Every structure is written in structure tokens, then in C-alpha cells.
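Here's the structure we're looking at; comments come further down.
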Amino acid sequence: MAEALQEQQPPALPNEIDPREFDGPAFQRDPFPLYKRLRDHHPLFHDRFHNRWVLSRYWDIDGAFQDNASYDRAVYKPDGPYQFGSTHVFGPNILEYGNSPQHRWLRNIVAGQFVGNRLQVFLPMVAQICDEVIATFKEAGEVELVSQFSSQVPIRVISNMLGLPRQDEDTFVGWYQALIAGLGFGGEHLARGIQARNEMWDYLDPLIATRSKTPGDDLLSRIVSAELDGARMSPDEVKGFVALLLAAGGDTTDKAIANMWFHMMYTRPDQYADVQADPNLWDDVFTEMMRYDPVVHAQFRHTTREVELHGRVIPERAGIILYLGAGNRDERVFKDPDTFNIHRSDLHMGRENRSGRYKDGKPGHLGFGIGQHFCMGYAMARQEAMIACTKLMAAMDTPQPKFDRHPGISSPSIDSGGFRSPQELVLTFNPV
Amino acid sequence: MKVRIDLDKCYRSGECYYNHPELFEMSDDGDPALKVTDLTDAGMRLHAEQAAEVCPAGAISIEE
Ligand code: HEM
Ligand code: SF4
């Protein structure tokens, strides 16, 4: 009977997309087949089930990032403006200021701290932290890279950049984990995340007060005392920014490092040999990882006016999802897009530009976004990942994955900002 | 007062046109271009001065 019923259903059209696919486990594990169907057959997909429009081709995503008059990141309630900070786990922060002049102001107050000379002074500390973390497992000749290395380094780096006392580092790591968990999953996790945020804020209050009066050379002092046209960030904005730094700067870089090692161990062990011969190639591993399967796959916008695209009209105030991970595999832009190759000649290698435009004429990856909200930590993430990977490689002779098979990179939920990474990555090696 | 952009030095960082869209715009290939040539307005002068200050390539200069 059941069989008979099934037979009566019309066969699904091979290229038709059921929006529930975005919520299924297959998509979290391997979103690329669905991305391809989107690019090829539904370059503008109206997902009525999730009430949003989906963009997946490289130049459409670039176009949305560049068009501030039509697309904004700030979120509005249907009946009015969004209340900043009331429900967001981070509190008030730059992510919620959309394309306003306030966003430009807030960004410019701090952006300079993460590039150029200001960044260089922190690099010896990054190297030292890597050494310390590596020393905790090196003699064992075996490491679970995610828990013992990649998730340890970036958060300790940020804590040190902020100039927090070193004995508080572990407490800080705990708040960080609760905040990150509160990001994607709502409910109980959101409540714990907000509690961790509040504890962290109480901890930061006196530090902010003293460092505004007598600033040192640490990042927290620089943030509280940075001025633009005579104005400083408010204490609430400082705290919101610190909370954001933990996730935007910690969790992402953490997963970037794990992904780079995953690809070197499982996807292209042949190219790991090249990197061993020339450690500078970690730079290209970073770039190709940010194209092939970047940490962040989805960004959200909404329309501020009607937008015409692919012969259709997206209404005003419509939700938009930009799949960076799909644009990066666009065969209209990259040759053999599904091949991981650090020697690619059709991708801009090296430092990213906020404009997404390069003098070598090559397209860049979309993994840091483009334009108004282009990642502020792009230089820091790259440098930190480079130092961490180079240091780890130098400590290990002939590293091997412990298990032949690996379940691969996945995300708890691509569409709610869940970052992609391997859950575990066990390596064995001879200590150097 | 005149703003000059040295396109040989410029590496298309985008900082001038994202931070000062009042004065600069992006051309299709990513090079910055001036939107306004009349800089008698005090607000425009300020945009020009700030952009010259933050351009990471030192490609923007102001001539009186
Ligand atoms: C590999 C690591 C990283 C990845 C994959 C990443 C990814 C991204 C992406 C995709 C955006 C764009 C958001 C949008 O378009 O709305 C962004 C923005 C941002 N990132 Fe990162 N990021 C990384 C590292 C960092 C680091 C180390 C910092 C620390 C400074 C940081 C701070 C920020 C901030 C503050 C923004 C918001 C900028 C704005 O709205 O103007 N990120 N990041
Ligand atoms: S800020 Fe300088 S380097 Fe960047 S696009 Fe403008 S002129 Fe070029």
C-alpha cells in the first residue's frame, strides 16, 4: 500500500529545490551539490519557507556587497527599527549598525589597530603563545589539533592583546566558549551566552575605567582612548566590541587553522610536501582554504528598496542570504572550482582588499566579505594562522593523520552562522 | 585646492571610497575616482584630508 502511494507521487524534478534541504544534515556536511544546483538553475532563489532570497553566483554576491544603496546588514523589525543589543548575545556592537555613518565611525576608531605597524607589535606574543601551547602536547608525539591547539591559540592571543592578566586567561576561555555556543543555537545556550556576557562585562567595567584614565599600550587601552573627531566609544560600545572580538576574531581564526591542517593532511597531502619545503606557502594554503571551503559560508542582508535581478524583482525589506561558499565555487569564475590547489593561477593570492579588486586582475575569495563590512581582522587572521601553522609544522617531524578516514569538515548550522571546521583532527608525529 | 590620486601607488584597498563616498567612488576595475571636483566646501576638504591621512598606500595628496 505504502509502495503504491509512493509510486503515485510525481517524480521530483531533478533541479527543483525543496527549502527544507537547507536544514538537513546533508547540507551541513556537504553544501556544495546544492550550491551548484542554485548557481546553475536558480541564481535567484526565492525561499518562501524561510522567507528569504538566496544568491549563489560570485558576481551576484560581489554586487550585493558593493551596493550599499540596495542592501543593508542592520536588522529591522517589520514595524520599525531594531532595538540594538537587546537580544543579541554580544550586546551593542558594530555588526548591528548597518550602513549608517555611526558604523563608519565605530569601524574607523578601531580598524587601524588590526593592520600594519599596530598589528606587528603583537606578533612576537602570538609566536610565544604558540610555543607555550605546543609544549603542552609535543612530547606525546600525538595531538588532537582542534581541542589542544587551534582552539587554544586565538583566544589566548586576544586575551593578551587586550592586556588581561594572564591568570584570568582560562576564565576568559570559558566565557568565550559560552558566548560562541549562544550564537547559533538559541534557547538555553542563548541564556548561558548572555549570562557569560554579563559576567564578562562586570569583569571588564573596572578595567575600562582605569585604562581610560591611564592608558597602557594594550588593545583595550587603545580602544577606550581612541578618538575620532574628538569622540570616544562609550563603555557599552567598548564591551560590545570586546565580546564581538572573541567570536569574530577568535572562533573564526581557530577554525581557519584547523581547516588548513585538515586540507593538508587529508585533501592534498602531496601539497603538504611543497609547504614543508617552503613554509611561506602557508600563505597560499590560507587563501585557497578561504576559497574552497571558508570558515563562514553565509552572510545576511536585507533590501532597502526593490532590487531587480535575473529578470525578477526582490521587494523592499526582503531577507537576503549570500552564500560565500557557493560564490567561491562558481565555475564561471574559477577553473576546476572543486579542486583544492594552493598553486592556483586564477585566484588572487596574498593579502585581501576591501574592494575585492586587485591589480593582478584576478578575482579574490569571498571568505572575508567585501565592501562596507569587509572583515576588519583580515590581516590579523592571516598573520596569526601563518605563525601558528609554521610553528606547529616546525615542531613535528612527518605528521600523519592518526585515522585513515575522517568525517570531514562540517557546521552545526551554516545558516545560523555556525562556522565550518573539522570536529576533531588527530595527528601523530615525531617531536622535533 | 585639488586632490590627486596616484594610481601607480594605489593598490585598490577601497578605504577612500568606502569611508568617504561623498568625495570618492569606485570605478568598475576598482580604481578610485573623484566624484566632486569643487573642493571649496569645507566638508569636502575634510573628507579629502581624512582620506589622504588613512590611505594605506600614501596615494592621495592635496595641493593648495
Ligand atoms: C579566518 C578568520 C576570519 C573569517 C573567516 C572572518 C570572516 C568575516 C566575514 C565574512 C565578515 C563580513 C561580515 C559582513 O559582510 O557582514 C567579517 C567581518 C568582521 N570581522 Fe572577521 N573574520 C575572520 C577573522 C577576524 C578577526 C581576527 C577579527 C578581529 C579583529 C575580525 C573582526 C571582524 C569584524 C569587527 C567584522 C565586522 C566589520 C564591519 O561590520 O565593518 N574577523 N569577518
Ligand atoms: S585609499 Fe589609497 S590605496 Fe586605497 S583605494 Fe584609495 S587611493 Fe587606493
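Note on naming: letters A, B, ... go to the chains in the order of the sequence lines (proteins, then strands), and numbering restarts at 1 for each one. What you see below is based on every heavy atom in this structure, not just the backbone, and it leaves out hydrogens, waters and symmetry mates. Since we're looking at a predicted model, the values are computed, not measured.
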So, the part of A:Gln66 with a heavy atom under 4.5 Å from chain B: the answer is side chain
Near B:Lys35 NZ, under 6.0 Å, is it more than 12 heavy atoms from other residues, nucleotides or ligands?
-> yes
Quick one: closest heavy-atom pair of B:Gly14 and A:Ser355, and the distance?
-> CA-CB, 4.2 Å
Using non-hydrogen atoms and a limit below 4.5 Å, what part of residues 49-59 of chain B faces chain A?
-> B:Gln50
Which distance, rounded to the nearest 0.5 Å, do you find between the CG of B:Asp31 and the CZ of A:Arg357?
-> 11.0 Å
Interface moiety of B:Asn19 toward chain A, non-hydrogen atoms closer than 4.5 Å = both
Contacts of residues 358-371 of chain A with chain B (heavy atom under 4.5 Å) | A:Tyr358, A:Lys359, A:Ile370, A:Gly371
Does A:Arg351 make a cation-pi contact with B:Tyr11 (under 6.0 Å, within 45 degrees of the axis)?
-> yes
B:Arg4 atom CZ, neighbour heavy-atom count above 12 within 6.0 Å = no
